[in-house]
Amino acid sequence: MGILEVKDVGKRFGGLQALGDVNLSVNERTCHAIIGPNGAGKSTLLNCFVGKLIPDTGSVMFDGQSVLGRTPYEINQLGISRVFQTPEIFGDLTVMENMMIPCFAKRDGAFRLQGIRSVAGEKELRDQAEAMLDEVNMLDKRDMHAASMSRGDKRRLEMAMCLVQNPKLLLLDEPTAGMARADTNNTIDLLKEIKETRDITIAIIEHDMHVVFSLADRITVLAQGTPLVEDTPDNIKGHPKVREAYLGEAH
Amino acid sequence: MLGLNKSDTRLLLIVVALVAAAPIILNPFPEGSGLAQFNAGYPDLMQRFVIFGIFAIGFNILFGLTGYLSFGHAAFLGAGSYAGMWMMKLLSINVIPAIIFSTLIAGVISVLIGFISLRRSGIYFSILTLAFAQMAFSLAASVLTPITGGETGLQTNLNDPRIFPEFLGGGSSIDGNIPKPSLFGIEMTASYQLPIGGWEWTFNWGYYICGVVMILAFYMAIRIFRSPFGLMLKAVKSNQQRMNYTGLNARPYMLACFVISGMYAGLAGGLMAAMDPQVGAERMQWTASGEVVLMTILGGVGTLIGPVLGAGLIKYFENIFSKINSNLLHEWFAFLPDGLEDFLVTIIYPFIGKGWHLTLGLMFMAVIIFLPGGLVEGGKRISRAIRRPKEATAADGKTNPAE
């Protein structure tokens with residue numbers, strides 16, 4: 001039984017069957033990649049995990065609980081953190097403030113009125129945030145305006161914001177999209193380290209096969225809304241069906 | 001000090017000093033001199049400075065931190081005034097129950113309005129709040145006449161029931177006059193005149209009560225700005241999507257913020273009623289809501305001191321600039337040849353007296369275009385320009401957080 005169990009999930013947008021009977025099981029402490037050509041329904045599937053979309057049919061169970069009908073913040077409180085395709089950070093705030101917000105969310109829940117305590121006085125949380133920034137090598141940027149950073153830094157910050165919450169499941173939606181090669185390699189190293197040192201499960205959507213094959217323990221290939229194959233990276237590489245999905249009918 | 005960091009403490013102390021010394025600072029010109037009409041140190045106006053300061057501080061907690069622009073804050077101001085009036089009519093002429101009750105009533109009303117308005121954001125939120133405020137205005141002017149006095153408004157009367165007339169010193173109506181709002185038996189209008197040289201300074205009891213309340217309100221605002229709650233409000237402004245996926249529910253944060261902001265407005269309304277015990281429905285009109293928006297933007301949105309400065313500036317213009325008339329202008333330019341004098345007076349005349357709105361409008365445009373951060377940004381630029389030559393060799397210091 002995996003930490004994330006997807007059963008018969010279907011989603012239709014008007015006349016378009018975006019997802020049809022998706023079955024997927026992500027095992028604990030593994031990195032599971034979901035790949036597929038454009039329009040295969042990867043992002044739709046991911047949005048069904050985090051409460052942005054509700055599938056028409058099927059069920060999504062996380063850690064023994066259904067996530068369907070829960071709001072994104074409730075799902076995050078269950079232990080799922082999400083990294084977006086374009087980094088979603090608090091651009092108006094400093095890097096350190098960006099880090100403090102998820103720390104508060106983790107400790108205090110979805111809402112807690114603390115109008116009198118000061119952020120500066122929260123020593124324990126600040127230490128946590130700083131340690132996490134150190135881990136992603138951003139401690140020197142702690143007072144920077146988040147919006148003024150490079151895209152690679154924004155991505156690292158977003159990942160640090162997710163990781164500081166110690167999520168059980170980290171969802172990555174094309175984390176290296178639009179990144180330079182060096183940044184991509186840094187991200188791979190960072191994710192590898194996270195995987196080894198933390199009690200975390202990673203589900204990743206990615207186009208870059210270099211990233212996928214460096215990280216994934218298992219790969220699901222999605223095509224036209226249905227899973228084609230699920231296997232280890234080595235077996236996927238030479239799989240005829242995968243070639244077909246990516247390159248079209250054999251020529 | 002008091003849980004504030006160094007720069008915040010300094011800011012608070014400056015505000016305390018300014019409030020305490022305002023009767024002197026605002027009266028820089030000797031009595032009887034030609035410039036005496038620019039003196040703003042009379043009780044009525046000083047009270048308005050600090051009361052509108054409170055109103056703008058509260059508005060800025062909502063607009064400055066979360067970016068939600070409410071066009072209906074006058075509804076809370078008016079509701080606070082009515083509530084305060086009723087306390088002074090029914091309970092005691094003492095201002096304390098009036099102020100507390102006005103804050104609470106505004107809080108209750110803002111829960112209702114906020115709960116509905118906050119279902120939308122951006123311009124739709126603004127329109128919803130505007131609609132509610134106009135509804136409140138119409139209700140106060142017509143349907144709710146038994147409570148609000150309709151178009152004649154609400155005043156204290158000699159035969160008001162006042163069940164605890166002696167509360168905290170109370171106020172006497174023994175001599176057959178309508179009792180005036182008071183605290184510890186001293187009326188709000190009580191003043192101590194101090195003539196020194198050509199100057200005459202007026203220390204007014206009501207002003208100092210408002211001043212103390214404003215300092216408390218300002219202190220609370222600093223604490224909110226620096227608190228985890230304030231950080232969450234900034235997160236709402238910055239990126240609601242990220243906030244949502246970080247496990248935070250923005251809605252209750254917004255509602256709490258809206259209610260706090262509404263209570264500040266109610267407090268200001270209550271003080272207004274306490275200083276001048278009469279209130280009409282026009283206090284709820286949308287122009288009053290617009291005024292607080294102007295104050296906040298003029299002073300500096302999202303800064304701590306900005307709204308107070310903006311409130312002071314607008315009230316100063318409204319009361320001082322509007323008093324200049326063409327006779328005065330002729331007096332000032334009397335040293336010029338007749339033709340030139342008339343010409344200058346003709347040009348300047350539309351901008352003074354009843355035309356003070358025109359001056360305000362031009363000033364507002366100038367601030368928006370050249371100083372989007374308001375007066376506070378202007379102040380920062382000036383201080384940077386002064387400091388720059390000294391630090392020319394040193395590396396540019398790190399940016400200061402907004403004050």
Side-chain angles (χ1 to χ4, degrees), chain A residues 47 50-52 71-84 86-94 96-122 125 143-148 157-158 161-162 164-165 167 171 173, chain B residues 1-9 58 61 64-67 216-217 219-261 263-264 301-302 397-402:
Chain A
N47 284 336
V50 292
K52 194 170 186 178
T71 59
Y73 67 83
E74 286 169 333
I75 292 172
N76 172 280
Q77 292 285 355
L78 290 179
I80 300 182
S81 279
R82 172 183 184 175
V83 170
F84 286 80
T86 41
E88 291 281 354
I89 52 172
F90 301 109
D92 301 340
L93 307 181
T94 66
M96 195 58 190
E97 283 174 323
N98 267 276
M99 292 300 295
M100 289 303 282
I101 291 169
C103 289
F104 281 118
K106 177 76 180 174
R107 192 191 67 183
D108 301 332
F111 172 70
R112 188 171 157 198
L113 196 57
Q114 302 182 86
I116 292 304
R117 302 169 78 149
S118 90
V119 177
E122 300 282 356
L125 293 188
D143 292 322
M144 257 178 93
H145 213 234
S148 65
L157 173 61
E158 191 187 24
M161 288 164 71
C162 288
V164 79
Q165 295 193 312
L171 298 176
D173 191 353
Chain B
M1 194 182 83
L2 296 166
L4 302 182
N5 67 25
K6 240 189 196 162
S7 67
D8 289 341
T9 309
I61 291 177
L65 287 177
T66 70
L216 289 176
Y219 171 71
M220 276 303 298
I222 301 180
R223 293 299 296 259
I224 288 173
F225 268 62
R226 304 291 181 241
S227 71
F229 174 62
L231 184 62
M232 297 308 167
L233 299 179
K234 289 179 203 165
V236 169
K237 183 181 187 176
S238 186
N239 191 339
Q240 282 204 39
Q241 162 131 306
R242 175 36 85 197
M243 195 178 172
N244 216 349
Y245 285 97
T246 303
L248 293 160
N249 188 359
R251 182 70 65 78
Y253 281 108
M254 283 305 306
L255 187 60
C257 176
F258 191 83
V259 172
I260 290 170
S261 181
M263 287 171 84
Y264 267 78
V301 183
K398 64 170 190 173
T399 51
N400 290 318

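Every chain is numbered from 1 and lettered A, B, ... according to where its sequence line falls, protein lines coming before strand lines.
Here the side chains of Leu93(A) and Lys234(B) are in contact, with some heavy-atom distance below 4.5 Å. Looking at Arg117(A) and Arg223(B), their side chains never come closer than 4.5 Å, going by heavy atoms from C-beta outward.
Contact record, Pro228(B) with Glu122(A): CG-OE2, 4.3 Å, taken as the closest heavy-atom pair.
Using a 4.5 Å cut-off between heavy atoms, Met243(B) touches chain A through backbone and side chain atoms alike. When heavy atoms are compared at a cutoff of 4.5 Å, Lys106(A) does not approach chain B at all. Contact of Ala256(B) with chain A is made through the side chain alone, with heavy-atom distances under 4.5 Å.
Considering only residues two or more places apart in sequence or on other chains, Asp92(A) meets the salt bridge (charged side-chain N to carboxylate O under 4.0 Å, His left out) condition with none of them. Scanning for side-chain hydrogen bond (donor to acceptor under 3.5 Å, both in side chains) contacts around Gln77(A) gives an empty result, with sequence neighbours left out.
Contacts between residues 244-252 of chain B and chain A, counted as heavy-atom pairs separated by less than 4.5 Å, involve Asn244(B), Tyr245(B), Thr246(B), Gly247(B), Leu248(B), Asn249(B), Pro252(B).
Chosen from Met232(B), Lys237(B), Gln241(B), the residue pairing most often with chain A at heavy-atom distances under 4.5 Å is Gln241(B).
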In a table with atom names and distances, give each donor-acceptor pair under 3.5 Å that connects a side chain of residues 96-104 of chain A to protein atoms at least two apart or in another chain.
unit_1, atom_1, unit_2, atom_2, d
Glu97(A), OE1, Thr94(A), N, 3.1
Glu97(A), OE1, Thr94(A), OG1, 3.4
Asn98(A), OD1, Phe90(A), N, 2.8
Asn98(A), ND2, Phe90(A), O, 3.0
Asn98(A), ND2, Thr94(A), O, 3.0

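Taken to the nearest 0.5 Å, the OG atom of Ser118(A) stands 9.5 Å off from the CG atom of Asp8(B).
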